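The structure presented is a predicted model; accordingly, all values stated were derived computationally and were not measured. Order of the sequence lines fixes the chain letters, A, B, ..., with proteins taken first and strands second; residue numbering starts at 1 for each chain.
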Amino acid sequence: MTQGNVTCELCFRFCNIPPGGRGNCRVRHNLDGELVSLVYGKPCAVHIDPIEKKPMFHFLPGSRAFSIATAGCNGHCLFCQNWEISQRPPEETDNQDMPPAAVVENALKTGCKSIAYTYTDPNIFYEYTYDTSVIAKKKGVKNVLVTAGFLNEKPLRELAKVSDAANLDIKGNADFYRSTVRAELKPVLNYLKIAREEGIFVEITNLLVPTLNDKKEDIEWLIKTILDKAGPDVPLHFSRFFPLYQLTNLYPTPAETLFDAANTAEDLGVHYVYVGNLPSNKFENTRCPKCKETVVERHGYMMPDVKLKDGKCPKCGERIPGIWR
Amino acid sequence: MERNKIQNLLTAFFVFVVLGATLWSLAAHEPGIFQIETALVQKFQKPEVIIIPAQEEPSKIVSEKDKVKPLIEKKQLSKHPAKFFKKEIQ
């Protein structure tokens with residue numbers, strides 16, 4: 001370390017930041033020897049989304065999530081769908097003033113049952129996420145983290161106390177993380193373990209990128225890793241890639257690849273498998289793993305038909321994991 | 001009579017023009033005498049030469065810190081204290 005430097009301990013990068021400098025995420029700044037967040041209360045994206053868009057299929061189905069994000073990210077995926085805000089410093093985004101209390105108030109006014117910290121990554125606007133979540137919890141609004149999982153243990157355990165659910169990206173194997181995400185896999189698997197220990201309801205998303213992580217062995221590795229680390233009851237979403245950002249040379253994921261991956265996951269024992277970014281497919285619905293009855297029927301983002309009774313299959317009584325109310 | 005009147009008018013006009021031109025010429029070069037500072041006079045005045053004194057201090061190298069600070073202020077970014085960091089041990 002040199003004079004006046006600070007070391008950020010939020011994520012695995014442990015950025016050593018000189019005075020006037022910033023962390024890898026572009027939003028944590030060394031201001032005269034103190035680390036500050038440049039984006040606290042300054043979201044650059046504010047929307048109301050169906051919760052299924054996160055995607056969260058086992059969490060308050062049919063409800064709306066008040067969704068916010070700030071600029072920056074501590075991941076650098078070549079295929080980022082939100083690169084225009086995630087790979088930019090906050091000087092280059094259009095930011096609003098919305099302190100934590102205002103976020104919660106807006107969520108309540110618009111009839112949203114949850115606040116989703118999303119689009120970029122809630123880890124890098126950690127303090128804003130945390131303070132907003134504290135207020136939301138007191139007011140009966142749930143908190144959902146949509147994240148790549150680059151958060152160290154201590155901050156995660158603290159955030160988990162005020163979080164209800166998370167959609168966690170597991171993007172591929174270790175090589176894929178280094179080459180295509182410019183990050184590491186291990187922190188993500190730690191996140192999965194700790195989040196579940198702390199009682200956060202987790203759903204997992206994997207974006208299938210043609211030629212990069214869509215080979216049969218890649219998909220099998222992913223499924224077996226999830227089964228090993230989290231068991232068969234964690235909902236798994238396979239998502240379709242569209243050419244964006246630095247991967248415009250690739251083609252969109254064929255539907256066949258997505259369905260093959262979903263079928264493989266079911267065959268290997270994952271109970272709840274979904275295919276996203278592909279409207280009207282058989283993997284939109286939730287089926288009871290025991291009797292195969294359709295317990296939640298979906299058509300895109302239209303209001304789902306929830307047939308569960310107190311979170312259980314109406315036919316055989318099997319408990320279906322999730323936060324249904 | 002009529003001819004005399006015309007001659008008188010012409011003479012007066014001629015005197016007026018000459019006198020006016022003389023006064024204008026004097027005002028352009030020595031405005032202080034007549035305390036005349038019209039826009040027209042200024043237009044035809046020679047511009048004042050402004051001498052810039054040589055800079056005594058060398059120009060500052062703009063540090064990254066100085067570049068960033070104005071941007072943070074301009075965009076009114078947050079400076080909210082962050083959690084989870086370690087300071088340099090002094």
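B:K79 and A:V36 get closest at one heavy-atom pair: O-CG1, 3.5 Å. The two residues B:P81 and A:E127 have their closest heavy-atom pair at O-CG, 3.9 Å. In plain terms, the two heavy atoms of B:L77 and A:L38 that are nearest each other are CB-O, 3.6 Å.
In this structure, B:E88 and A:N30 have side chains that are not in contact, with every pair of non-hydrogen atoms separated by 4.5 Å or more. Between B:F85 and A:E34 there is a side-chain heavy-atom pair separated by less than 4.5 Å. Between A:V39 and B:S78, every side-chain heavy-atom pair lies at or beyond the 4.5 Å cut-off.
Ring-plane geometry between B:F84 and A:Y126 is classed as perpendicular, the angle between the planes exceeding 60 degrees on a 0 to 90 degree scale with a lower cut at 30.
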>> Let's go through A:E158 and B:K83 carefully: what are the C-alpha distance in whole Å and the side-chain angles of both, what is the deciding distance for salt bridge (charged side-chain N to carboxylate O under 4.0 Å, His left out) to 0.1 Å, and is it a yes or a no?
In response: CA-CA 11 Å; A:E158 194 169 307; B:K83 294 177 165 186; 3.0 Å; yes
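Only the backbone of A:T93 comes within contact range of chain B, with at least one heavy atom under 4.5 Å from a heavy atom of that chain. No part of A:F14 comes within reach of chain B, as not one of its non-hydrogen atoms sits under 4.5 angstrom from that chain.
In this structure, A:R28 CZ and B:H80 NE2 are separated by 10.0 Å, a value rounded to the nearest 0.5 Å.
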